Amino acid sequence: MVVYHHDRYSRQIRLAQVGEAGQKKLRSAGVVVVGCGALGSVLSDLLVRAGVGRLRIIDRDFVELSNLQRQVLFDEVDVQQRLPKSEAAVRKLNHINTEVQLDAVVDDLNRGNVHALLHGYDLIADGTDNFETRFLLNEASHQLNTPWVYAACVGTTGVVMPIIPHHSACLRCILDQPPPPDINPTCETAGVLGSVVHLAAAVQFTEILKMLLGHHAEITPGLISIDGWRNRVVRVVVEGPCRCFESQNYPYLKGQSGQQAIVMCGRNAVQIIPSSTRLIPLEEMADKLLATGAMLPIRNEFLIQMHINEYTLTLFSTGRAIIQGTADLATARRLYAQYIGN
Ligand SMILES: [Zn+2]
């Protein structure tokens, strides 16, 4: 049984905006953080310390050395162990506040699992690094009638936009479709200033708190853009409600089925998601791969990772794989078929 320590939240409860009643609301709230990189780390830390009742963290990736500059929940041990980010985050957060029900999901959020993973939560927080997933979240938020808070960071700029379906403008209202990957800068191509992650996550957290506490009139409408180098904040007011879904059209939720191979933008990597998710016995698979003469430098309960010439293949227990060292879909599919199967 979880024992609530009132003293933990005393400084937050003292805020007129929160109070005893507000703290109770937070305790009964459930939030899903989709993507646990830089923004997801800082945001999850704030949410857990604030005492939200339930937090689910979904991430498809594992911890690497280049993450540590800004992804505050991870350390060098996580890198050595190649821990999945959601798992490493939950282990860390559990030391911070045992009163929060934490759930790590090591998976890619896609149209196949989006409803199952978001259902039953009060709010969706964007910690992703790509517009494909954000457009999917935008549709899922509308369909499930669950608010979400879009956030992104690149270079020295962070943006945040709170979105309440059927009331405010949505992501598609400001961006008709995802920008093409080659003109869209990412953290990998443009870098990212560590402090701007905190600026954006702080704004995102505050808007989330307003939503969870029911201070709807105080939610900042439209897009908030923060340049952390020049200390310039710009607000772009977009009038709601949105008309994007009047025909109930959800192109990202409908999409094609079958095996998906996705180039991971700016990372020189491809993610392969098998057409049917089945649990792969990793021990068995590791033995099979060893028998082919493959080197298996990393094995843990979540993944195995092997080097094949200039490529690194990481296989997760759901059959999903990330192939680093190529942005070519055909090469990635060939390696997957050759070593893992179809
Ligand atoms: Zn819209």
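All values derive from a computational prediction rather than experimental measurement. In this chain, numbering begins with 1 at the start of the sequence shown.
- Within 6.0 Å of the NE2 atom in His167, the count of heavy atoms belonging to other residues, nucleotides or ligands does not exceed 12.
- To the nearest 0.5 Å, atom CZ of residue Arg333 and atom CD1 of residue Ile272 are 6.0 Å apart.
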side-chain contact (heavy atoms from CB on, under 4.5 Å) assessment of His115 paired with Leu144: CA-CA 8 Å; His115 282 124; Leu144 294 165; 3.6 Å; yes
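- Side chain of Thr98 to main chain of Asn94: no donor-acceptor pair is present (N/O by atom type, distance under 3.5 Å, no hydrogens or angles).
- Using a distance-only test at 3.5 Å, with no hydrogens or angles considered, no donor-acceptor pair links the side chain of Gln23 to the main chain of Gln12.
- Side-chain N or O atoms of Gln71 include none that pairs as donor or acceptor with a backbone N or O of Ser66 at under 3.5 Å.
- Residue Asn145 holds its CG atom at 4.0 Å from NE2 of His166, rounded to the nearest 0.5 Å.
- Between His142 and Phe245, the ring-plane angle classifies as parallel under the 30° and 60° cut-offs.
- Across every non-hydrogen atom of Cys153 and Ala200, the tightest pair is SG-CB, 3.7 Å.
- Put simply, the side chain of Thr312 never gets that close to the backbone of His307: no donor and acceptor are under 3.5 Å apart.
- Taking 4.5 Å as the limit, some side-chain heavy atom of Ile219 sits within range of a side-chain heavy atom of Glu207.
- No chain of hydrophobic side-chain contacts below 4.5 Å, direct or via other Ile, Leu, Val, Met, Phe, Trp or Tyr residues, connects Val79 to Val77.
- Considering only heavy atoms from C-beta on, Leu137 comes within 4.5 Å of Leu109 through its side chain.
- The minimum heavy-atom distance between Ala104 and Val90, with the atom names listed, is CB-CG2, 3.7 Å.
- With contacts defined as side-chain heavy-atom distances shorter than 4.5 Å, the pair Ile340/Met285 qualifies.
- Taking the side-chain contact (heavy atoms from CB on, under 4.5 Å) definition, one finds that Ile298 meets it with Arg82, Leu303, Gln305, sequence neighbours left out.
- With sequence neighbours excluded, no residue forms a side-chain contact (heavy atoms from CB on, under 4.5 Å) with Ser28.
- Not one N or O on the side chain of Asn113 forms a donor-acceptor pair closer than 3.5 Å with the backbone of Ala116.
- Taking the charged nitrogens against the carboxylate oxygens, Arg320 and Asp107 do have a contact shorter than 4.0 Å, which makes a salt bridge.
- Residues Pro162 and Gly222 share a closest heavy-atom pair of CD-O, 3.5 Å.
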Check against side-chain contact (heavy atoms from CB on, under 4.5 Å), Thr331 and Tyr311: CA-CA 10 Å; Thr331 305; Tyr311 311 108; 3.6 Å; yes
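- Leu43 has its side chain within reach of Ile208: a pair of non-hydrogen atoms, C-beta onward, lies under 4.5 Å apart.
- Using a 4.0 Å cut-off between a side-chain N of Lys or Arg and a carboxylate O of Asp or Glu, Glu87 and Arg91 qualify as a salt bridge.
- The shortest distance between side-chain heavy atoms of Met161 and Cys173 does not fall below 4.5 Å.
- At least one test fails for Arg134 against the ring of Tyr150: distance under 6.0 Å to the centre or angle within 45° of the axis.
- For Asp78 and Lys92, the salt-bridge test passes: some basic side-chain N is under 4.0 Å from an acidic carboxylate O.
- Under the 4.5 Å side-chain criterion, counting only non-hydrogen atoms from C-beta, Ile226 is in contact with Val203.
- Using a distance-only test at 3.5 Å, with no hydrogens or angles considered, no donor-acceptor pair links the side chain of Thr128 to the main chain of Val34.
- Put simply, the side chain of Lys85 never gets that close to the backbone of Asp61: no donor and acceptor are under 3.5 Å apart.
- Smallest separation of non-hydrogen atoms from Arg111 and Leu136: N-CD2, 3.7 Å.
- With rounding to the nearest 0.5 Å, the separation of OG1 in Thr133 from CD1 in Ile58 is 10.5 Å.
- Between the side chain of Asn67 and the backbone N or O of Glu64, at least one donor-acceptor pair lies under 3.5 Å.
- Scanning for side-chain contact (heavy atoms from CB on, under 4.5 Å) contacts around Ile308 gives Met306, Leu313, Leu335, Tyr339, with sequence neighbours left out.
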Step-by-step side-chain contact (heavy atoms from CB on, under 4.5 Å) determination, Leu26 to Leu213: CA-CA 7 Å; Leu26 293 181; Leu213 294 171; 4.0 Å; yes
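- For the atom pair CG (Asn110) and CD (Glu132), the distance works out to 11.5 Å, reported to the nearest 0.5 Å.
- No continuous path of ILVMFWY side-chain contacts below 4.5 Å connects Val237 to Val160, so the two sit in separate hydrophobic clusters.
- With 3.5 Å as the limit, one finds no donor-acceptor pair spanning the side chains of Asp126 and Trp148.
- In terms of modelled atom types and a separation under 3.5 Å, the side chain of Lys210 and the main chain of Glu218 share a donor-acceptor contact.
- Other residues, nucleotides and ligands contribute over 12 non-hydrogen atoms within 6.0 Å of the CD atom of Glu310.
- Proximity of Phe316 to Ile322: side-chain heavy atoms (C-beta onward) are separated by under 4.5 Å at one or more points.
- Proximity of Leu47 to Ser44: side-chain heavy atoms (C-beta onward) are nowhere separated by under 4.5 Å.
- Counting only distance, with no hydrogens or angles, the side chain of Gln69 and the backbone of Val192 share a donor-acceptor pair below 3.5 Å.
- Between the CD atom in Gln143 and the OG1 atom in Thr146 there is a gap of 10.5 Å [rounded to 0.5 Å].
- Between the CG atom in Leu171 and the SG atom in Cys242 there is a gap of 10.5 Å [rounded to 0.5 Å].
- For NE2 of His119, the number of neighbouring non-hydrogen atoms (other residues, nucleotides, ligands) closer than 6.0 Å is 12 at most.
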Stepwise side-chain contact (heavy atoms from CB on, under 4.5 Å) check, Leu209 with Gln17: CA-CA 10 Å; Leu209 223 56; Gln17 292 90 337; over 6 Å; no
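- Val105 approaches Ser86 most closely through the heavy-atom pair O-OG, 3.1 Å.
- Between Leu118 and Ala140, the closest heavy-atom pair is CD1-CB, 3.9 Å.
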